[in-house]
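Worksheet: the structure to be examined is printed underneath.
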Amino acid sequence: MTQSQYVILAYAVALPALAVLIAASVAAMHRAERALDDLGRRGE
Amino acid sequence: MHAYANPARFLSLARPLTLWFGWGGAVLFAACLGWGVLFGPADYLQGETVRILYIHVPAAWLGMAGWTGIAVASAMQLVWKHPLAGVAARACAVPGAVFAAICLATGSIWGRPTWGTWWEWDGRLTSMLVLFFLYLGYIALSAAERENDGSDGRMSAIFGLVGAVNLPIIRYSVTWWNTLHQGQSISLTSGSTIDGSMLWPLLGAALGASFLFGAVVLMRMRTELARTKLEARMRRMAR
């Protein structure tokens with residue numbers, strides 16, 4: 001492997017992991033807060 | 001600090017901060033990563049592989065910062081019994097583990113062309129791997145405690161405090177032992193041995209990643225608070 005290929009491999013591993021962390025955190029927050037809002041709207 | 005231990009007051013601050021930290025961090029991180037990786041110079045010794053620096057070093061710092069956050073929040077939970085302290089500690093765990101894993105993976109990839117090996121059981125690498133395993137243990141323990149309704153999260157708080165003993169070991173491993181890993185090259189007190197053309201994009205990327213880390217922690221805290229409220233209402237409805 002060339003030096004540039006090692007650089008590409010490092011970012012190909014790191015950036016998707018970071019993207020998954022952020023996307024999963026956003027999705028979980030929206031899901032939990034929406035569920036709470038829905039329950040509140042039903043007057044519970 | 002004590003004023004924001006109230007969940008309602010915390011949420012009024014956390015909602016706008018999540019957006020500012022998230023978008024501000026993403027823009028700064030992407031810009032500085034692009035600056036360093038695409039326009040920064042190659043190293044005279046390591047060549048092109050030095051470009052891994054811009055993700056590896058921020059990931060290492062944030063992997064350690066995550067456990068510092070767990071330890072500080074755990075101390076606040078045990079001493080002052082702040083209702084949000086345990087939530088904050090648990091929210092630091094997953095992002096801290098992800099950054100520690102990114103640090104280990106990118107370090108391994110950087111090690112292959114530089115040292116001729118993917119892995120070496122030396123002080124810095126091994127203590128960082130121990131930190132990653134501590135994160136996994138903390139995540140499992142705090143999840144098990146949350147399953148147990150009677151638990152006040154004290155066991156995971158104590159685990160968080162005890163695990164902090166690994167942080168100075170990571171920090172000083174390159175000083176205490178002969179390691180393959182290079183010594184400290186950035187210092188607040190004695191200056192930096194990295195040229196400015198690499199140092200500034202690195203510091204910018206680290207600051208951007210820190211804001212992203214903050215945004216993720218806030219989002220995870222908001223998630224846990226919403227779930228706790230939801231579960232309490234469901235229990236009331238079931239009665």
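In what follows, chains carry the letters A, B, and so on, assigned in the order in which the sequence lines appear, proteins first and then strands, with residues in each chain numbered from 1. Because the structure is predicted, anything quoted here is derived from the model rather than measured.
A distance of 7.5 Å separates OH of A:Tyr11 from CD1 of B:Ile52, quoted to the nearest 0.5 Å. In this structure, CE on B:Met198 lies 5.0 Å from CG on B:Asp43, to the nearest 0.5 angstrom.
Ranking B:Gly107, B:Ser108, B:Gly47 against chain A, the residue ahead of the rest is B:Gly47, based on heavy-atom pairs under 4.5 Å. Among A:Val13, A:Val20, A:Leu18, the residue with the largest count of heavy-atom pairs under 4.5 Å with chain B is A:Leu18. With chain B as partner, the option from A:Met29, A:Arg31, A:Met1 having the largest number of non-hydrogen pairs under 4.5 angstrom is A:Met29. Between chain A and the residues B:Pro113, B:Cys103, B:Ala226, the largest count of heavy-atom pairs under 4.5 Å involves B:Pro113. With chain A as the partner, the residue from B:Val94, B:Thr114, B:Val216, B:Leu212 showing the most heavy-atom pairs under 4.5 Å is B:Val216.
Heavy atoms of B:Gln46 lying under 4.5 Å from chain A belong exclusively to its backbone. Residue contact with chain A, scored on non-hydrogen atoms closer than 4.5 Å, involves the side chain of B:Val37 exclusively. Both the backbone and the side chain of B:Arg51 come within contact range of chain A, each with at least one heavy atom under 4.5 Å from a heavy atom of that chain. Both the backbone and the side chain of B:Tyr54 come within less than 4.5 Å of a heavy atom of chain A. Only the side chain of B:Ile102 comes within less than 4.5 Å of a heavy atom of chain A; its backbone N, CA, C and O stay farther away. There is no contact between B:Leu225 and chain A, counting heavy-atom distances below 4.5 Å. Residue contact with chain A, scored on non-hydrogen atoms closer than 4.5 Å, involves the side chain of B:Phe29 exclusively.
Here the side chains of B:Trp118 and B:Ile109 are in contact, with some heavy-atom distance below 4.5 Å. Between B:Arg146 and B:Arg90, some side-chain heavy-atom pair lies under the 4.5 Å cut-off. Between B:Val217 and B:Phe21, every side-chain heavy-atom pair lies at or beyond the 4.5 Å cut-off.
Remark: B:Val130 pairs with B:Leu134, B:Asn166 by the side-chain contact (heavy atoms from CB on, under 4.5 Å) rule, at least two apart or across chains. B:Glu120 is linked by a salt bridge (Lys or Arg N to Asp or Glu O under 4.0 Å) to nothing, counting only residues two or more places apart in sequence or in another chain.
Using a 4.0 Å cut-off between charged nitrogen and carboxylate oxygen, A:Arg41 and A:Asp38 count as a salt-bridge pair.
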